[in-house]
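A short write-up of the structure that comes next.
Positions are given from 1 along the sequence. Because only heavy atoms are used, hydrogens play no part in the values below, and waters and symmetry mates are left out as well, while side chains stay in.
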Amino acid sequence: MTTITQPEIALTPAAAARVAAISAKTGKPAILRLSVEGGGCSGFQYKFGFADGIEGDDVQVETDGVKLVVDSISLDLVRGSSVDYAESLGGAAFKVTNPNAAAGCGCGSSFAV
């Protein structure tokens, strides 16, 4: 019997390409950090930033040489999610598709569980 385990979180190739482009311009490592904070219009909000390294309790995934890291507390709220990068007429942004979110808001950066 073969057991296939899904990754804790995923980084799409589009998001990886954007992180790599920003990293090349800024000289920072190609490591995107996703964390969850209390607040926002739905209770929790996503926060993105570039990391200089990987912390001891981080979970990391890699796509095309780019790492996405999430601390263990935030991971409980975003497990199974996918981080993408999308450009539209309204602007360009990293976007989280979170199967754990029971509700969201119009801005897409806030959610409830």
Side-chain angles (χ1 to χ4, degrees):
M1 183 169 124
T2 303
T3 304
I4 299 172
T5 56
Q6 294 295 323
E8 299 275 12
I9 192 161
L11 182 67
T12 68
R18 183 62 181 156
V19 171
I22 293 170
S23 173
K25 285 182 182 176
T26 63
K28 288 191 167 268
I31 304 172
L32 180 67
R33 176 172 297 283
L34 168 63
S35 59
V36 176
E37 296 181 344
C41 45
S42 294
F44 294 101
Q45 59 188 2
Y46 303 113
K47 181 178 175 188
F48 290 101
F50 280 83
D52 291 323
I54 298 165
E55 303 295 324
D57 71 335
D58 284 343
V59 169
Q60 65 176 330
V61 295
E62 189 170 322
T63 301
D64 300 334
V66 174
K67 290 182 173 68
L68 170 66
V69 294
V70 182
D71 65 89
S72 60
I73 294 171
S74 296
L75 184 63
D76 286 340
L77 297 167
V78 296
R79 185 172 274 114
S81 295
S82 175
V83 176
D84 194 11
Y85 180 78
E87 294 183 14
S88 68
L89 290 175
F94 290 103
K95 181 178 101 173
V96 179
T97 302
N98 187 345
N100 305 307
C105 66
C107 66
S109 65
S110 181
F111 69 102
V113 289

statement: dist Ser35:OG -> Gln45:CD (nearest 0.5 Å) comes out at 9.5 Å
- request: Not counting sequence neighbours, list each pair that qualifies as a ring pair (Phe, Tyr, Trp, His ring centres under 6.0 Å) and has a residue in residues 51-91.
  value: Tyr85-Phe94
statement: d(Ile22 CD1, Phe50 CZ) to nearest 0.5 Å is 4.0 Å
field: Check: Phe44 and Leu77 side chains under 4.5 Å, non-hydrogen atoms
entry: yes
- request: Give the cluster check for Ile31 versus Val70: same hydrophobic cluster or not, with ILVMFWY residues linked at side-chain heavy-atom distances below 4.5 Å.
  value: no
message: Can a donor-acceptor pair be found, under 3.5 Å and without considering hydrogens, that links the side chain of Thr97 to the backbone of Ser81?
response: no
Side-chain polar contacts of residues 59-69 - donor-acceptor pairs under 3.5 angstrom, sequence neighbours left out - could you list them?
{"from": "Glu62", "atom 1": "OE1", "to": "Lys67", "atom 2": "NZ", "distance (Å)": "3.4"}
{"from": "Thr63", "atom 1": "OG1", "to": "Leu11", "atom 2": "O", "distance (Å)": "2.8"}

- line: When rounded to the nearest 0.5 Å, the distance separating OG of Ser72 from CD of Glu55 is 11.0 Å
task: Looking only at non-hydrogen atoms, find the nearest pair between Pro29 and Ser23 and report the distance.
output: C-OG, 3.5 Å
message: Could you check whether any side-chain heavy atom of Tyr46 comes within less than 4.5 Å of a side-chain heavy atom of Val83, counting everything from C-beta outward?
response: no
Spatial distance of atom CG (Asp57) from atom CD1 (Ile73) [nearest 0.5 Å]: 7.0 Å
message: Test of understanding: with side chain to side chain contact (heavy atoms under 4.5 Å, CB included), list the residues that count as partners of Ala14, not counting sequence neighbours.
response: Thr12, Asp84
task: Identify, with sequence neighbours excluded, every residue that meets salt bridge (charged side-chain N to carboxylate O under 4.0 Å, His left out) alongside Arg33.
output: Asp58
message: According to side chain to side chain contact (heavy atoms under 4.5 Å, CB included), who are the partners of Ala24, at least two apart in sequence or on a separate chain?
response: none
message: Suppose the criterion is ring pair (Phe, Tyr, Trp, His ring centres under 6.0 Å): which pairs have a residue in residues 54-81, not counting sequence neighbours?
response: none
